[in-house]
Amino acid sequence: MDWTDTDWTDRTAVLADIHGNALALGSVLEDIAAQGITQMVNLGDIFSGPLDPAGVWEQLKGRGLPTLRGNHDRYLIEGTGEDLGPTDRLTASLLPKEAFDWIRGLPEQLLWDGVFACHATPGDDNTYWTEQVVEGGTSLAPPAGIEALATGIDTGIEAGLILYAHTHIPRVLQLADGRVMVNPGSVGCPAYTDTAPRPHVVQTGSPLARYAVVQRDPGGWRVSHQAVHYDFDAAAEQARTHGRDDWARAVGTGWLG
């Protein structure tokens, strides 16, 4: 399915940050199908995770799902060997060549029919948009900074929609001009640690797989966040098999702090 085939007056499932979690993705795809939703978009960071990235590829290949390239997707095609962090290095060893070829063809952002989509922020796939790092964690960023990053986006219609991801935290925000911002949360990685701009933890406190459903109504955008149960204990065991107890705790509980 081409991005330009998307009819936003129909319900559209928005996925992001699968991070190699094939078990979570499978349950999310089943949940979407059970609701009769046939349109989906994917905001990136698809494979990177010590779980089952090849299983994610098997579920996505051939679907023609409009998909963006996230920062970890970029690392996989730009880095080699020791240039990659341990998680991406493992992921690269588990993915077939055809998955790398597919990643290389993915766009960094998309704009269609009043909807703009990117992985993190316009022009930067590795910066928080609506979160700020505070002592040990994150909180909602001040409105001025959020608005500033959205200034150059022309959705072409009044009260357009901005889809973004990267933080793994589900959010719906409304900008001063009426545009709506939606982060669907993470399909497969509900908690993580990072070192930039300084060490911090992001955690949702739940192991459930997340995605969002959006639809344009005459009165504006209808948005719902979905939380899907799956066998997260089995996903945690996949992480342990790869020697990653940190990931096991993250996917098994949604906590790291």
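Quick note: residue numbers are just sequence positions, from 1.
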Original post:
Where do Leu175 and Val180 land on the side chain to side chain contact (heavy atoms under 4.5 Å, CB included) test, with the steps shown first?
Top reply: CA-CA 6 Å; Leu175 301 176; Val180 174; over 6 Å; no
**OP:** Could you walk me through whether Trp102 and Trp57 pass side chain to side chain contact (heavy atoms under 4.5 Å, CB included), step by step?
**Re:** CA-CA 10 Å; Trp102 181 70; Trp57 171 243; 3.5 Å; yes
**OP:** Apply the test side chain to side chain donor-acceptor pair (under 3.5 Å) to residues Asn183 and Thr167: give CA-CA distance (whole Å), side-chain angles for both, the deciding distance (0.1 Å), then the verdict.
**Re:** CA-CA 8 Å; Asn183 186 326; Thr167 67; 2.9 Å; yes
**OP:** Carefully, step by step, assess Gln132 and Ser139 under the rule side chain to side chain donor-acceptor pair (under 3.5 Å).
**Re:** CA-CA 6 Å; Gln132 63 180 346; Ser139 67; 3.2 Å; yes
Subject >> Worked verdict on Gln215 versus Trp8 for side chain to side chain contact (heavy atoms under 4.5 Å, CB included) >> reply: CA-CA 6 Å; Gln215 182 178 22; Trp8 297 103; over 6 Å; no
Original post:
Under the side chain to side chain contact (heavy atoms under 4.5 Å, CB included) criterion, do Gln35 and Gln226 qualify, and how do the steps go?
Top reply: CA-CA 11 Å; Gln35 295 188 60; Gln226 311 293 314; 3.8 Å; yes
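Glu108 CD: 12 or fewer foreign heavy atoms inside a 6.0 Å radius. Atom CZ of Arg104 is surrounded by more than 12 heavy atoms from other residues, nucleotides or ligands within 6.0 Å. By the neighbour-count criterion of 12 heavy atoms within 6.0 Å, atom CD of Glu78 is densely surrounded, having more than that number from other residues, nucleotides or ligands.
A salt bridge links Arg171 with Glu131: the closest approach of a Lys/Arg side-chain nitrogen to an acidic carboxylate oxygen falls below 4.0 angstrom. A salt bridge links Lys97 with Asp101: the distance from a Lys NZ or Arg NE/NH1/NH2 to an Asp or Glu carboxylate oxygen falls below 4.0 Å. Under 4.0 Å is where a charged nitrogen must lie from a carboxylate oxygen, and between Asp113 and Arg216 at least one such pair does. We find that Arg74 and Asp125 are joined by a salt bridge, their nearest charged nitrogen and carboxylate oxygen being less than 4.0 Å apart.
In the hydrophobic cluster analysis, where Ile, Leu, Val, Met, Phe, Trp and Tyr join through side-chain heavy atoms closer than 4.5 angstrom, Ile32 is grouped together with Val56. Val223 and Val41 end up in the same hydrophobic cluster when Ile, Leu, Val, Met, Phe, Trp and Tyr side chains are linked at under 4.5 Å. Clustering ILVMFWY residues whenever any of their side-chain heavy atoms sit less than 4.5 angstrom apart, transitively, puts Ile18 in a cluster other than the one holding Leu23. Linking ILVMFWY side-chain heavy atoms closer than 4.5 Å, directly or via other members, places Trp247 and Val201 in two distinct hydrophobic clusters.
A donor-acceptor pair under 3.5 Å is absent between the side-chain atoms of Arg240 and the main chain of Asp245, judged by distance alone. A donor-acceptor contact shorter than 3.5 Å links the side chain of Thr67 to the backbone of Leu65. Under the 3.5 Å distance criterion, the side-chain polar atoms of Thr204 are matched with a main-chain donor or acceptor of Pro190. Distance alone, capped at 3.5 Å, is enough to place a donor-acceptor pair between the His19 side chain and the Ser48 backbone. Arg198 places a side-chain N or O within donor-acceptor distance of the main-chain N or O of Val133, the cut-off being under 3.5 Å. In terms of modelled atom types and a separation under 3.5 Å, the side chain of Ser27 and the main chain of Ala24 share no donor-acceptor contact. Without hydrogens or angle criteria, Arg63 side chain to Gln59 main chain gives a donor-acceptor distance under 3.5 Å. At distances below 3.5 Å, at least one donor-acceptor pair connects side-chain atoms of Asn21 with backbone N or O atoms of Gly188. Of the possible donor and acceptor atoms, none in the side chain of Trp129 sits under 3.5 Å from a partner among the backbone N and O of Leu149. Between the side chain of Asp217 and the backbone N or O of Gly220, no donor-acceptor pair lies under 3.5 Å.
Applying the side chain to side chain contact (heavy atoms under 4.5 Å, CB included) test to Ala117 and every residue at least two apart in sequence or in another chain returns Trp3, Leu43, Leu68, Leu163. Annotation: ring-ring contact (aromatic ring centres under 6.0 Å, His included) contacts of His200 (sequence neighbours excluded): Tyr128. Contacts of His229 classified as ring-ring contact (aromatic ring centres under 6.0 Å, His included), with partners at least two apart in sequence or in another chain: Phe232.
The two atoms that bring His119 and Gly70 nearest to each other are CG-CA, 3.6 Å, heavy atoms only. Nearest heavy atoms, Tyr192 versus His166: OH-O, 3.7 Å. The two atoms that bring Pro53 and Leu95 nearest to each other are O-CD2, 3.7 Å, heavy atoms only. Leu51 and His242 make their closest contact through O-CE1, 3.4 Å (heavy atoms, listed as atom of the first residue, atom of the second, distance).
The residue from Val187, Leu208, Asp31 that alone fulfils the side chain to side chain contact (heavy atoms under 4.5 Å, CB included) condition with Val228 is Asp31. Of the candidates Asp88, Asp45, Thr87, His72 forms a side-chain hydrogen bond (donor to acceptor under 3.5 Å, both in side chains) with just one, namely Asp88.
In this structure, a donor-acceptor pair under 3.5 Å is absent between the side chains of Tyr211 and Asn42.
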